[in-house]
Structure formats: C-alpha cells, structure tokens
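All figures in this text were calculated on a predicted structure; none of them were measured in a lab.
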Amino acid sequence: MTTPRRPDIVLVLTDQHRADVSAREGFPLDTTPFLDELGRSGAWFDRAYTTSPLCCPARTSLMTGRFPSAHRVTQNPANPLAVRDADLFGEARAAGYATAMIGKNHTYLDASSVDHWVEFMHDGQVAAPSKALHKEFDAWLAALRHRTHEEPTPFPVEAQNPHRIVDEALAWAATVPDDRPFLLTVSIPEPHNPYQVPEPYFSLFPKESLPPPRTGADALEGKTFPWQYLRSLGEHAVADYEGAIAPSRSNYFGMLRLIDDELRRLLAGLETRHRVRERVVVATADHGDFVGEYGLVRKGAEIPDILARVPLVVNGDAVRPSGAPRPEHVSLADLMPTLCEAMGRELPDGVQGRSLWPLLTGRPCPAEEFGSVYVEQGMGGLPYGPEDVADRMPGLIFDGPGGEPRWDELNAATQSGRRRKVRSGDWTLYADIVGDFRLYNLREDPLELVDRWSDPAAADERVRLLSLLAVWQMRAEDPLPTVPGGYRLKRDPRNHLAPYRHSEGKGQSS
C-alpha cells in the first residue's frame, strides 16, 4: 500500500442519531444542513450500518474494527471486558499522531489510551466542571432522569454538552504543532435522551408542525414481545407516554440542528490548521432512535433498519466527491481499518472490518466487496416472553425523588437471545436464535411491516441472503489469538474478500 501524507483525522460521533431524518435523505425538515453540505462535497453513505444497535458494542466495534461476537461486548455493562488486540488510538499513536478523546466514551478506553481525555456523558461532564454555569446545567440534566423536557431548556447553548465538547476540542487542537498530525475524536452524547434543547433550537421544529410518524403503536400488534414490552415500559414510567412522543420528537430534531451548528463551528475553528495540513473528517453515529415510529422512542427492540442504519459522511482533501449517496454497504467496523490505511498503517491482527480508503479516494476497488453488510444484536440466552415478566418488569426503575419510575430500554427482556441481520440491495434478512426468520424489501417497505419470508416471489432473495448470512457469520468469527511462531494466516491487506471468491453465480458473497 502507498503511504498517504498522514492527514489530520477528525472523527465526530453522535449518539442515537437516526440516519433518515435529514434533508439529504428526503426528510421534510432541514435538521443537519452543514452535515448535508459536507456529504455533498465529500462522500456520504445511505447504506451504512452499525455493528449492533446499542452504545458499547457499536463503539467498541468502531475502535477495534471487530464485530460484537468477536470483541464480546454484546451489552452495555460489558464495556470494560472487550476482547481485542490493537485499536484505532493505539495505531494512531504508533504512527506518530497526537490523540484526543473528548466527549462520550462508553467503551473499554480510559485516559491512558490517548494523549488528551475529557469525558462527558448524558448528564454532562464526568469530572466536575469548573464553571458554575456548567455545574448547574449538569445537575439539571441529571435531574431529568433521561425523560423529555417539554419547555425550552432554561440554560443557554453554551451550557450544552455539544458546545462545551467543541470548546474543549478546539482548545486542545491549538496545542498540537502543525508538523504533527492528530486524531481528534469528538464524541457528542446527543441526540440521545434526555430529550431537551434550548432556544433558538426549541422553536425551530414545533411539535404542532412536525411530519407525523409513518406508523404508530398499532403496528406493534404485528411485532414480537420486545417491541410490545418497550411500549409497556414507557406507559408504566410516563403518565401520558403517547402525549410525550411529539415533544420528544421536536426536541430531538432541535438537538440535531444544535449539533450540526457545533460541527460547523468545530471545522471553522480548525480551518487555520487545515490550510497547512490535509485532513479527513468522518461523521457518524453508534445507532439510531425510533423517534416516534411504532409509537416508540429511544431504542432496544431487535435490529430494525431504523435503529441499525447510521449516518456516515466522509470529507477530506483526498476524498473524491460523490455528490449522490454512494451505493456501497458499509459498517462501523470498516472505519478503523479505513483510518489505519489513511494513516499509513497496515491492518493489525484481529481486525475484521474492510478498508474503505480506496473507494473514498477513487482507486480501484471491487464493487462486490461492498454488496452487503451485517449486524448483530442480543446478549445471549433464550429470548424472554410475557410469561417471564408477569410478576416483575425488568427495566422499570423507581429512583425518582418521590419514588417515581423511569425506564431503561436496554434490559434483560429486550436484550436477551441472539439476532442477526444482513442487508443487500433493497432486501434485508433477519434471523434469531430460536429460528425466527424474516425477509423485507426496504424499498417497498422501509419500516419492515410486511414479512416476505414465505412469499414464493421472494424465494430467490431468501436463498441469496441466507447465503450471505452464512458467509458473514464466518467473517465475524474471531481470528484471535494469533500464535507466536505459529502458522501464518493469509490475509488481504484491506480485509477484502471479493477478490478471492469461488462462488461465481452461486449467491453474492460480499
């Protein structure tokens, strides 16, 4: 591989950011104009997927290039136990990069992993902030207990996590000499709940004028237990759960615009450095949010496209503008090997993702390599059913000042079992550990309401996607540990499989 000119790398990660609620994807509200502009002048993918639709598994995959079944973080509490060898920050440091993690971590990483560390979570800064305004805001945010604030946030934009994180990022970047490249990760905890936003963003998308969800709670009748359980949890924790959906959506879209403005401010603040150093900007998210679809907010039920698909925009001096969305199916696991190649590093052992660098920079790349993408979910065991929770409600937590409840959507009932998803073209296949298979045509049925598994007209697609699933499950098996002095494994330098295919005409392995 040719060594590039070691560009600065700015990795922007949002939390619970749904891919389709942007004007570039046809959404009627202009929630992310600057991100849309970056996509049009760079590359954006409308078939980009998380490795698992919850925080820690997805973020661990982004940092290690490994799928959850390999790094073993299949639930949020397992984040310190990741099985891995190399990771993105370690490779950057080995390449001579200055490194910073500013914002939400929620992985095995700690302050020793980088040169500069400032951690935020959904209740504000983890270490006590020095400014009185920030302390007051963080206390107010924690008191929301992940709920929706139905009025404008009574604190200015300057108190919000995204603004403070960008301030921290710009201050650190100013300390890095121009002759040293950096990897700057700006990890924003929003638009994850609690759903709150200050003016002027609160009034940008008033609840009375929002486009309605495309489907409501009536769609849950055709869904499985985890979906129905999520709705039940919300109804137990919120007096008027249905009534809270509209203000939650309004705040969510306002939070997106606030984040977008902060991303614009971040890159403007780095512009002087950019005049003397090339850079790569990657903006993505760990997973999506229901944002009112199916009568639900947050996440937690299985791996629908609405949660599994994530925004992905890549912009930079070496990135060839694509204008329209790129056709490739890509994964969060692909970002670590992509950025390794951008830094001039060979892919370490144990990495399973595929480098996107050649297709981003306009070099030859087999199209069939990115003909499908794969997602995992579930912490193991048997799936829970209504009979298992008849006398208790996992995820319902009575910790309010007067014993008021809140709910945790990621609980034993919603996260039990194992589930897998493959997307290829217009089709997606779902499979779980007890033999529930479903097939959907996403072009005709983007909310996955009509199961085509038993449809004779979809038989060819059923076989094709089952073949893809079999190959992906083998790709996701852990190649670690390597044995010192043992057999030398044959590896493609970019983890591409397509050049070695032997299945011509027998399904479309990716």
Side-chain angles (χ1 to χ4, degrees), residues 1-4 6 9 11 49-52 56-74 78-97 99 101 105 107-110 112-114 181 183 185 280 282 330-360 365-366 369-370 372-376 470-502 509-510:
M1 274 184 272
T2 302
T3 302
R6 300 205 311 160
I9 295 170
L11 173 59
Y49 281 77
T50 185
T51 58
S52 185
C56 291
R59 290 164 179 266
T60 302
S61 291
L62 191 157
M63 287 294 155
T64 63
R66 290 158 60 79
F67 286 93
S69 56
H71 62 59
R72 316 292 172 85
V73 179
T74 58
N79 66 299
L81 307 176
V83 175
R84 60 177 179 93
D85 189 358
D87 66 15
L88 181 59
F89 282 122
E91 292 303 302
R93 284 176 140 180
Y97 275 63
T99 57
M101 164 66 87
N105 168 33
T107 72
Y108 61 89
L109 297 167
D110 59 31
S112 68
S113 305
V114 293
L183 167 59
T185 297
V280 177
V282 178
V330 300
S331 169
L332 283 188
D334 297 332
L335 293 182
M336 187 270 194
T338 300
L339 296 178
C340 279
E341 185 167 357
M343 294 185 292
R345 299 289 295 174
E346 293 184 358
L347 299 194
D349 290 336
V351 173
Q352 298 169 313
R354 310 158 292 181
S355 175
L356 312 177
W357 194 244
L359 65 86
L360 289 170
C365 186
E369 177 61 39
F370 299 98
S372 67
V373 66
Y374 166 78
V375 188
E376 303 180 345
V471 172
W472 270 111
Q473 294 239 243
M474 287 184 278
R475 288 190 88 164
E477 289 179 2
D478 191 1
L480 293 177
T482 54
V483 180
Y487 297 110
R488 181 181 178 87
L489 299 180
K490 179 178 178 180
R491 298 182 63 207
D492 182 87
R494 295 188 172 104
N495 272 355
H496 292 178
L497 181 65
Y500 312 97
R501 285 179 56 193
H502 293 287
S509 65
S510 64

With a 6.0 Å cut-off (strictly less than), is the heavy-atom count around OH of Tyr500, excluding the residue itself, greater than 12? yes

Rounded to the nearest 0.5 angstrom, the CG-CG distance for Leu356 and Leu335 is 6.5 Å

Check: Phe370 main-chain N/O paired with His496 side-chain donor or acceptor under 3.5 Å: no

Judged by atom type as modelled, is there a donor-acceptor pair below 3.5 Å linking the side chain of Asp334 to the main-chain atoms of Arg354? yes

Identify the residue among Gln352, Gln473, Glu376, Glu477 that makes a side-chain hydrogen bond (donor to acceptor under 3.5 Å, both in side chains) with Ser69. Glu376

Donor-acceptor check, side chain of Asp492 to backbone of Leu497, threshold 3.5 angstrom: yes or no? no

Write down the atom of Asn495, the atom of Gly353, and the distance for their closest heavy-atom approach. ND2-O, 2.9 Å

Might you point out which heavy atoms bring Ala82 and Thr60 nearest each other, and give the distance in Å? CB-CG2, 3.9 Å

Which atom pair, heavy atoms only, marks the closest approach of Val373 to Ser331? CG2-CB, 3.9 Å

Mind running salt bridge (Lys or Arg N to Asp or Glu O under 4.0 Å) on Asp478 and Arg66 for me, showing each step along the way? CA-CA 8 Å; Asp478 191 1; Arg66 290 158 60 79; 2.9 Å; yes

Work out which heavy atom in Thr74 is nearest to a heavy atom in Pro57; give both atom names and the distance. C-CG, 3.8 Å

Got a donor-acceptor contact below 3.5 angstrom from the Thr107 side chain to the Arg59 backbone? no

For Tyr374, check ring-ring contact (aromatic ring centres under 6.0 Å, His included) against everything at least two apart and list the hits. Phe67, Trp472

Minimum side-chain heavy-atom gap Arg494-Trp357 below 4.5 Å: no

Kindly write out the residues that satisfy side chain to side chain donor-acceptor pair (under 3.5 Å) with Ser61, not counting sequence neighbours, or none if the list is empty. Thr51, His71

So, Glu369 and Arg475, do they make that salt bridge, N to O below 4.0 Å? yes

Do Glu91 and Tyr97 have side chains that approach each other closer than 4.5 Å (heavy atoms only, starting at C-beta)? no

Val73 vs Pro68 side-chain heavy atoms within contact, under 4.5 Å: no

Nearest-0.5 Å distance that lies between atom OG1 in Thr185 and atom CG in Leu11: 4.5 Å

As an exercise, state the distance from OG1 of Thr50 to CG of Leu332, rounded to the nearest 0.5 Å. 4.5 Å

When rounded to the nearest 0.5 angstrom, what distance separates CG in Asp85 from CG in Leu480? 6.0 Å

Backbone N or O of Pro348 within a donor-acceptor pair of the Arg491 side chain at under 3.5 Å? yes

Check: Arg72 side chain, Ala70 main-chain N or O, donor-acceptor pair, under 3.5 Å: yes

For the atom pair CG (Leu88) and CE (Met101), what is the distance rounded to the nearest 0.5 Å? 9.0 Å

CA sep, side-chain torsions, deciding dist, call: Leu109, Asp87, side chain to side chain contact (heavy atoms under 4.5 Å, CB included): CA-CA 10 Å; Leu109 297 167; Asp87 66 15; 3.7 Å; yes

Indicate the atoms forming the closest heavy-atom contact of Ala58 with Ser52, along with that distance. CB-O, 3.5 Å

Is there a side-chain contact between Leu360 and Val280, using heavy atoms and a 4.5 Å cut-off? no

Check whether any side-chain heavy atom of Glu341 sits under 4.5 Å from a side-chain heavy atom of Pro493, and report yes or no. no

Check: Val114 main-chain N/O paired with Arg93 side-chain donor or acceptor under 3.5 Å: yes

